[in-house]
Amino acid sequence: MRRTVMFSTVVLVLLGLISVAFAAGIRERIGDQQRRIDKGIASGELSKQEAETLQDNLSWIKYEFARLTDDGMVTPAETKRLDGLLDRNDKMIADKKHNP
């Protein structure tokens, strides 16, 4: 019984640490995309309309991230979903910055 409780405690602590690491990676990607949008606006690579679209997408991702982290833990499925949203927005930033 004592071993089971100790094992369960260790597993919960490890899951919490993994969740924090995933959240840090998401925060970093959000910050990177924000910098890329800002840089695209400053350099003129993005039109006002393109920048607004990209910023709206990123704002939605930030909202979803905040909503999912309200309980203090991000599950692997939630992380995968956020990564997918960030991947799509990342591609959209690249496409809009390099359109003719």
Side-chain angles (χ1 to χ4, degrees):
M1 175 75 172
R2 191 170 169 200
R3 277 187 175 171
T4 304
V5 171
M6 181 69 84
F7 180 75
S8 297
T9 303
V10 169
V11 168
L12 287 174
V13 168
L14 289 175
L15 285 175
L17 291 174
I18 290 169
S19 177
V20 169
F22 282 129
I26 298 290
R27 279 190 198 95
E28 186 176 317
R29 289 189 68 193
I30 289 171
D32 179 55
Q33 287 190 13
Q34 184 65 62
R35 283 186 292 281
R36 289 176 58 210
I37 292 169
D38 293 342
K39 187 177 175 185
I41 293 168
S43 70
E45 290 177 298
L46 293 173
S47 70
K48 183 178 179 182
Q49 185 177 13
E50 290 171 333
E52 285 176 2
T53 300
L54 294 169
Q55 191 61 57
D56 284 346
N57 289 347
L58 191 57
S59 293
W60 172 253
I61 294 168
K62 289 176 183 178
Y63 168 78
E64 283 295 300
F65 179 66
R67 189 180 66 77
L68 293 173
T69 56
D70 275 347
D71 62 359
M73 191 163 163
V74 182
T75 67
E78 292 168 341
T79 301
K80 185 176 179 179
R81 181 170 173 265
L82 287 169
D83 275 333
L85 291 172
L86 286 165
D87 288 345
R88 282 193 296 278
N89 202 49
D90 186 54
K91 184 177 181 338
M92 190 181 288
I93 292 169
D95 290 347
K96 291 196 180 297
K97 283 179 82 173
H98 297 101
N99 62 0

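These numbers come from a predicted model, not from an experiment.
When the options L54, N89, N57 are evaluated for a side chain to side chain contact (heavy atoms under 4.5 Å, CB included) with Q33, the one that passes is N89. Only one option out of L85, I26, D56 pairs with I61 in a side chain to side chain contact (heavy atoms under 4.5 Å, CB included); it is L85.
Here the straight-line distance linking atom NZ of K62 with atom CD1 of I30 works out to 7.0 Å at 0.5 Å rounding. A distance of 6.5 Å separates CD in E78 from CG in D71, rounded to the nearest 0.5 Å. From L68, atom CG reaches atom CG of L82 across 5.5 Å, with rounding to the nearest 0.5 Å. Here CD of E64 is found 11.0 Å from CG of L86. Values are rounded to the nearest 0.5 Å.
Side-chain contact between E52 and K48 is present, with at least one heavy-atom pair separated by less than 4.5 Å. Proximity of V74 to R81: side-chain heavy atoms (C-beta onward) are nowhere separated by under 4.5 Å.
Residues meeting the side chain to side chain contact (heavy atoms under 4.5 Å, CB included) test with D38, sequence neighbours left out: Q34.
A pairwise comparison of heavy atoms in I37 and A51 identifies CG2-O, 4.5 Å as the closest pair.
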*salt bridge (charged side-chain N to carboxylate O under 4.0 Å, His left out) evaluation trace for R29 with D83*: CA-CA 9 Å; R29 289 189 68 193; D83 275 333; 3.0 Å; yes
Would you mind writing out the side-chain donor-acceptor pairs for residues 93-100 within the sub-3.5 Å range, not counting sequence neighbours?
from	atom 1	to	atom 2	distance (Å)
D95	OD2	K91	NZ	3.0
H98	ND1	A94	O	2.8
N99	ND2	E50	OE2	2.7

